[in-house]
Structures are given as C-alpha cells and as structure tokens.
Amino acid sequence: MKRNAEETMILNENLWKVMWKLSWPAVLAMALYGLNMVADAVFVGRFVGEKALSGVSAAYPFTQGTYALGALFGSGTGALLSIAIGEQDTCTKERIVGNVNFLIIISGVFLGGISYFISPLLLSFIGMEGVDFQYANEYLQIILLGSILTLGALTSNMIIRAEGKMKTAAGIMGIALIINIIANYIFMGIFSFGVKGAAWGTNLGLFTGIVLFYRYCHKGRAGFDMNEKKVHRDPDILRQILSLGFPSFITTIMALIQGTFAVYALNKYGGTEDIAFYGMVLRLFNFCITPIYGVMFAIQPVVGINFGAGKYRRLISVYKVFTTSALLLVFPFCLLGFLFPMRIFQFMLPDKVFVYQDVINFRYLMGIIPVLPGVLMALNFLTGTKKPKPATIIGLTRQVLLQIPATLLLPRFFGIPWLYKGYFFIDVSLAIIVFALMYQEFKILGEMEEGMNPLC
C-alpha cells in the first residue's frame with residue numbers, strides 16, 4: 001500500500017526537518033493555549049477581582065478531571081492510530097474514531113449530568129467557603145456542564161495530530177482559542193458576566209474546535225475514511241485505546257489530586273492571597289512550558305509511525321532530536337521568568353503588593369522547566385512504543401509517592417515556600433531516574449533492530 005506524503009516524510013526525511021515541520025505549528029498552537037490561560041487569569045483578575053481569581057484558581061484543579069479523560073481518550077486514540085498507520089492497518093484506522101465517539105458520548109453525558117450536584121461537594125471538600133466558594137462554584141458548574149465539548153475537542157485534535165497533520169491541528173486549535181479569548185473579553189469586559197463569562201467562553205472555544213474537526217472530515221482532508229459520524233463498540237480497539245492512553249490519564253488525574261491538595265494546604269496554612277498567587281504562577285508556569293507540549297504532540301506520530309514500521313534505531317534519534325529542540329525552545333521563557341518576575345506579577349494583579357519571597361517561590365517553580373523536556377518526551381515515547389506500564393509507574397511515583405505527601409506535609413511543618421521547593425527537588429530527582437530508564441530502553445531498541453537485520 002502506497003504511503004501518503006506525511007507518512008513518507010516521518011519515516012524517511014532528516015529528523016531535524018521532521019521536527020521543524022511538525023513542531024512549529026504545534027508549538028504555536030500551544031503557546032496560544034498558554035496565552036489563553038494567562039488571559040483568563042488577567043480578565044478575571046482585572047474585571048472581577050482577586051477573590052474571583054482565588055475562586056477560579058481553587059476550581060481549576062477540578063476542571064482538569066475532564067481534561068484527564070480527554071487525555072485518556074485522545075492520547076490512546078492518537079498512539080493507536082499512529083501505530084496503525086505505520087503498520088498500514090486499514091481496519092483499525094477506519095473504526096477507531098467510531099469507538100472513541102462511544103467513549104466521549106457516554107462519559108460526556110454522565111459528567112455533564114452530575115455537574116450541578118458534584119461541584120459544591122468538591123469545593124466543600126477542600127474547605128472553600130463564602131465569596132470564594134461562590135465564585136469557584138459558578139465557574140466549575142459551567143465547565144463541567146460542557147464536559148462533552150472538552151472531550152470531543154481534545155480527542156478530535158489529537159486524531160488529526162496522529163496523522164502527522166500538525167498544521168491543520170494547530171490551525172483548528174488556534175481558531176478555537178482565539179474565539180475563547182474574544183468571548184472571554186465580551187462576556188466579562190462588556191457584559192459583566194463575571195466568572196461565568198470565563199467558563200462560557202471556554203465552552204464556546206471547545207465547541208468551535210469540534211465544528212472545525214467535522215468540517216475537516218467532511219471535506220475529505222483526512223488520509224483515510226474516518227467514519228466520524230459513526231459509533232462503534234469494538235472491545236479490542238477500546239481496550240487498546242484505554243491501555244495506551246492510561247499513562248496520560250494517570251499523570252493528569254494525579255496532577256488534579258495534587259493541585260487539589262495544594263489548594264487545601266494553601267487554604268489551611270495560608271489564605272486567599274496565597275491561593276491567588278499559586279493560581280497565577282501556575283498559569284504562568286504552564287504558559288512557559290507550552291513549547292514543550294507542542295514538541296511532545298509532534299513526537300507522538302513520529303514515534304508511533306516509525307515503531308509500527310519497525311524503524312527502531314531511528315526512534316532513538318527521534319527522542320534525542322525532539323528533546324533537544326524542546327529544551328532550546330523553553331529556554332527564553334525560563335530566562336524571562338527568572339529576570340523579570342515582578343513586572344509579570346504586577347501585570348496580572350496590579351493592585352497587589354508582592355514581596356521578595358514571592359519571587360523566590362516563582363523561581364523554584366521555573367527551575368523545574370529545564371528537566372521537563374526529557375521527562376515528557378520519555379512518557380510519549382514509551383506510550384508510542386506500546387510500553388504504557390513504565391510511563392504509568394513514572395506518573396504514579398511522581399504524584400502519589402512524592403508530590404502529594406510533599407504538598408500536604410512541607411507547608412505544614414516548614415511554611416508555604418516549601419511547597420514550591422518540594423516541587424523543584426522532586427522533579428529534578430525524578431528526571432535522573434527517567435533518563436536512566438531511557439538509556440536502557442535505547443539498548444533494547446538497538447537489539448531489536450539488529451534482530452531484524454542480522455547481517456548488519
């Protein structure tokens with residue numbers, strides 16, 4: 001079977017060129033995504049106030065529960081689709097979208113249906129009350145109501161990426177995010193909808209992404225017949241989607257739990273100002289690392305397609321090239337964060353007086369960034385080579401055994417600054433373990449390649 005242009009490029013072209021062609025659209029889209037997160041905080045902070053930002057920041061970890069399911073369905077579908085493309089498995093390619101549609105409909109309807117009941121329970125669990133609770137509840141209920149939009153938008157975009165069509169995926173994502181930012185300004189700045197405006201703006205952007213995906217399919221731009229309007233329930237395909245997507249799911253859901261405990265600790269041992277500051281710097285941190293996610297999205301089809309085609313030694317170079325590229329891309333963001341933190345803080349919360357300890361806390365958080373490219377590329381690499389178990393263990397170790405206990409204990413005994421110091425020391429230590437694991441994985445891939453080519 002003849003391969004299309006994207007597949008041929010991924011399998012044969014110089015990897016630095018492959019990285020550039022696939023990464024820059026994804027990096028641009030993710031930078032816009034990060035800017036959107038910062039814009040949300042700016043709009044809420046400026047148009048509603050610090051207490052509203054505190055409430056939205058408290059609700060934010062719970063919004064990531066739906067994103068965790070989106071990561072489960074999207075990354076699992078993307079990894080399986082990339083491998084199927086490499087293996088030229090037409091049957092799996094043409095039925096995979098119908099199966100993920102089944103997962104999205106069941107999960108999205110259920111989460112949307114319980115949104116109004118579960119939101120106040122979750123917020124009460126972390127000790128939210130008063131005005132902060134009101135803002136958080138208004139925001140969270142609307143976000144959860146649109147769960148099916150979140151799942152559909154995330155998964156559909158990952159399906160397009162899995163084909164290696166990063167420009168198309170980035171274009172759809174970019175348009176959706178621009179709609180989100182414009183809607184946020186209109187709803188909050190003009191109509192004064194408050195935090196509800198931020199939530200409805202997010203849902204409108206997600207809906208736009210889904211509409212553009214179906215337009216992409218309807219115009220026949222996919223490399224195969226996606227059957228995007230069908231719903232299938234094939235046990236084997238569903239099992240593979242969930243298995244390959246589980247590392248991304250567990251990483252996201254554990255980050256949700258860790259974020260929830262962080263808000264709990266800040267609320268118990270600090271106050272509203274500490275929660276608002278945490279929410280602000282977390283959004284800034286996520287904005288700074290968006291280039292890593294862009295490169296991470298680009299590496300997924302390259303790993304899957306090359307693995308499916310049996311090009312194992314090329315996979316080793318794939319990891320090295322994409323990790324180096326991601327590191328070079330985030331360095332300027334990291335440098336700006338270290339040099340001009342006060343100016344950034346005052347732009348987002350102009351009425352607040354910041355102290356030098358705030359700068360130190362932020363710099364500890366930013367110090368994590370240089371080790372993240374290697375770790376995140378490793379997680380995608382392992383998933384794309386059908387080894388989700390090590391990736392899952394890494395995610396569980398980081399969150400359950402290290403970060404969650406540190407989040408609960410360090411602020412209690414040593415103060416709020418140790419929340420940020422703990423994150424730094426944990427991620428740097430874990431990175432060393434991940435790099436040792438990848439070294440062993442490279443040896444295995446080299447032996448597999450020699451087994452396929454015994455005369456080499």
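Because the structure is a prediction, the values reported are computed rather than measured.
- Rounding to the nearest 0.5 angstrom, the gap separating the CZ atom in F249 from the OG atom in S75 is 10.5 Å.
- With values rounded to the nearest 0.5 angstrom, N180 atom CG is found 8.5 Å from T208 atom OG1.
- Using cut-offs of 30° and 60° for the angle between ring planes, the Y420 and Y278 rings count as tilted.
- Each of L365, N361, L266 was checked for a side chain to side chain contact (heavy atoms under 4.5 Å, CB included) with L419, and the lone residue meeting it is L266.
- Judged by distance alone, the side chain of Y139 and the main-chain N or O of G197 form no donor-acceptor pair under 3.5 Å.
- Put simply, the residue from V100, V97, I104, I105 that forms a side chain to side chain contact (heavy atoms under 4.5 Å, CB included) with V231 is I105.
- A donor and an acceptor atom, one from each side chain of N99 and K230, are nowhere located under 3.5 Å apart.
- Side-chain atoms of L103 and T77, non-hydrogen and from C-beta on, never get closer than 4.5 Å to each other.
- With S156 contributing its side chain and A153 its backbone, the two residues share a donor-acceptor pair below 3.5 Å.
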Please test M226 against Y216 for side-chain contact (heavy atoms from CB on, under 4.5 Å), starting from the C-alpha separation and ending with a verdict.
CA-CA 11 Å; M226 286 198 179; Y216 163 82; 4.0 Å; yes
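- A donor-acceptor contact shorter than 3.5 Å links the side chain of D89 to the backbone of T92.
- For N101 (side chain) and H232 (main-chain N/O), no donor-acceptor pair under 3.5 Å exists by modelled atom type.
- To the nearest 0.5 Å, atom CZ of residue F285 and atom CZ of residue F333 are 13.5 Å apart.
- In this structure a side-chain-to-backbone donor-acceptor pair under 3.5 Å is missing from S243 to R239.
- The aromatic ring centroids of Y423 and Y364 lie 6.0 Å or more from each other.
- Using a 4.5 Å cut-off on side-chain heavy atoms (C-beta onward), N157 and F213 make no contact.
- Side-chain N or O atoms of D234 include none that pairs as donor or acceptor with a backbone N or O of D236 at under 3.5 Å.
- In this structure, L437 CG and F442 CZ are separated by 9.5 Å, a value rounded to the nearest 0.5 Å.
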Is there a side-chain contact (heavy atoms from CB on, under 4.5 Å) between L382 and I394 once you walk through the steps?
CA-CA 11 Å; L382 293 168; I394 292 169; 4.3 Å; yes
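- Between the side chain of R314 and the backbone N or O of L11 there is at least one donor-acceptor pair closer than 3.5 Å.
- Judged by distance alone, the side chain of Q300 and the main-chain N or O of N380 form no donor-acceptor pair under 3.5 Å.
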